[in-house]
Number of protein chains: 2
Amino acid sequence: MSRMYNPAHPGEVLREWLPEGMTVTEAAKALQISRVTLSKVLNAKAGITAGMALRLSAWLETTPDMWLGMQTQWDLWQAEQQPRPTIKPIDRQVA
Amino acid sequence: MSRMYNPAHPGEVLREWLPEGMTVTEAAKALQISRVTLSKVLNAKAGITAGMALRLSAWLETTPDMWLGMQTQWDLWQAEQQPRPTIKPIDRQVA
DNA sequence: ATAAGTGTTAATTAACAGGCTACAATTTTT
DNA sequence: AAAAATTGTAGCCTGTTAATTAACACTTAT
């Protein structure tokens with residue numbers, strides 16, 4: 001199945017969840033990670049890891065699956081853009 | 001949210017999708033990866049990547065999300081077992 | 001003008017996917 | 001039965017990437 005549109009990077013979505021005017025430094029402190037790490041995520045220079053998803057969900061009161069799911073969709077879309085081998089569906093001897 | 005039970009590693013699930021008696025070598029050939037790589041996945045020595053999920057879905061006629069979703073759940077459960085920092089939910093000035 | 005703070009890049013470390021080689025164990029062939 | 005081929009996994013190596021700290025350019029406050 002191919003995704004029609006380039007899904008947003010989770011970091012881009014995360015931006016919208018940060019309160020207007022909150023600095024990267026403040027958010028990083030709340031998440032107990034370095035501001036460098038958060039900056040990279042926000043600028044799509046790094047993805048959402050399971051540990052990061054847990055932190056985000058605790059802080060923003062969402063599910064970790066939401067964040068990891070976004071990352072998954074992004075990873076999948078990226079992989080789909082790469083040249084891929086032709087794989088013949090398995091033959092299961094239906095009858 | 002905590003997952004009650006240790007989810008199966010995707011490689012464990014993959015085992016059940018392989019036709020009875022099919023060798024790792026044959027399956028790897030169909031997936032166009034090395035038998036070493038497939039062996040590692042089956043033995044939970046490596047996870048499912050986006051590229052792997054695309055191969056599996058093409059071969060087994062499933063969705064890539066199914067495989068990546070399993071990996072996500074597994075990763076999350078692993079991360080939840082680790083010691084985690086206490087993160088206070090953001091205060092959004094509700095009123 | 002100095003000092004403190006902000007966001008990003010650079011450099012380093014750790015973890016991990018994937019490949020190839022090697023090897024023990026099994027299976028097949030002769 | 002002996003030899004040859006095949007199978008699955010462990011070891012080693014490479015490339016990628018998440019995370020940290022240090023360093024940087026830039027802004028704001030004193």
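Per chain, numbering begins at 1; letters A, B, ... match sequence-line order. Since the structure is predicted, the reported quantities are computational estimates derived from the model, not experimental observations. All values below were derived from every heavy atom in this structure, side-chain atoms included, with hydrogens, water molecules and symmetry-related copies excluded.
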J.: Just the rounded figure in Å: distance from P of dC16(C) to CG of D75(A).
T.: 16 Å
J.: Expressed as a whole number of angstroms, how long is the span from L42(A):CG to dG7(C):P?
T.: 10 Å
J.: Specify the residue among K45(A) and E26(B) whose closest nucleotide of DNA chain D lies further upstream toward the 5′ end.
T.: E26(B)
J.: Regarding V24(A), tell me which of base, sugar-phosphate or nothing describes its non-hydrogen contacts under 4.0 Å with the strands shown.
T.: sugar-phosphate
J.: In terms of hydrophobic clusters joined by side-chain contacts under 4.5 Å, are L76(B) and W67(A) together?
T.: yes
J.: With a 4.0 Å cut-off on heavy atoms, is T37(A) in touch with a base, just the backbone sugar-phosphate, or nothing at all?
T.: base
J.: Under 4.0 Å between a side-chain N or O of N43(B) and OP1 or OP2 of dT9(D)?
T.: yes
J.: With a 3.5 Å cut-off and heavy atoms only, can you find an N or O donor on one side and an acceptor on the other between the side chain of K40(A) and the base of dA19(D)?
T.: yes
J.: State whether the side chain of E26(A) and the backbone N or O of T23(A) hold a donor-acceptor pair below 3.5 Å, judged by distance alone.
T.: yes
J.: Please state how far atom CG in L31(B) lies from atom C1' in dG18(C), giving the value in whole angstrom units.
T.: 14 Å
J.: Would you kindly give the NZ-to-C1' distance between K29(B) and dT6(D), to the nearest whole Å?
T.: 10 Å
J.: May I have the distance from M52(B) (atom CE) to dC16(C) (atom P), rounded to whole angstrom?
T.: 16 Å
J.: Does T49(A) have a side-chain nitrogen or oxygen under 4.0 Å from the phosphate oxygens OP1 or OP2 of dA18(D)?
T.: no
J.: Give a yes/no answer on whether the side chain of S34(B) brings an N or O atom under 4.0 Å of OP1 or OP2 in dG19(C).
T.: yes
J.: Mind checking the CG-CH2 spacing from L60(A) to W17(A)? Nearest 0.5 Å is all I need.
T.: 6.5 Å
J.: Please tell me which of Q71(B) and R35(B) maps to the more 5' nucleotide of DNA chain C, matching each residue to the nucleotide holding its nearest heavy atom.
T.: Q71(B)
J.: Enter the distance from K29(B):NZ to L38(B):CG here, rounded to the nearest 0.5 Å.
T.: 13.0 Å
J.: So, is T25(B) near the phosphate of dT6(D), with a side-chain N or O under 4.0 Å from OP1 or OP2?
T.: no
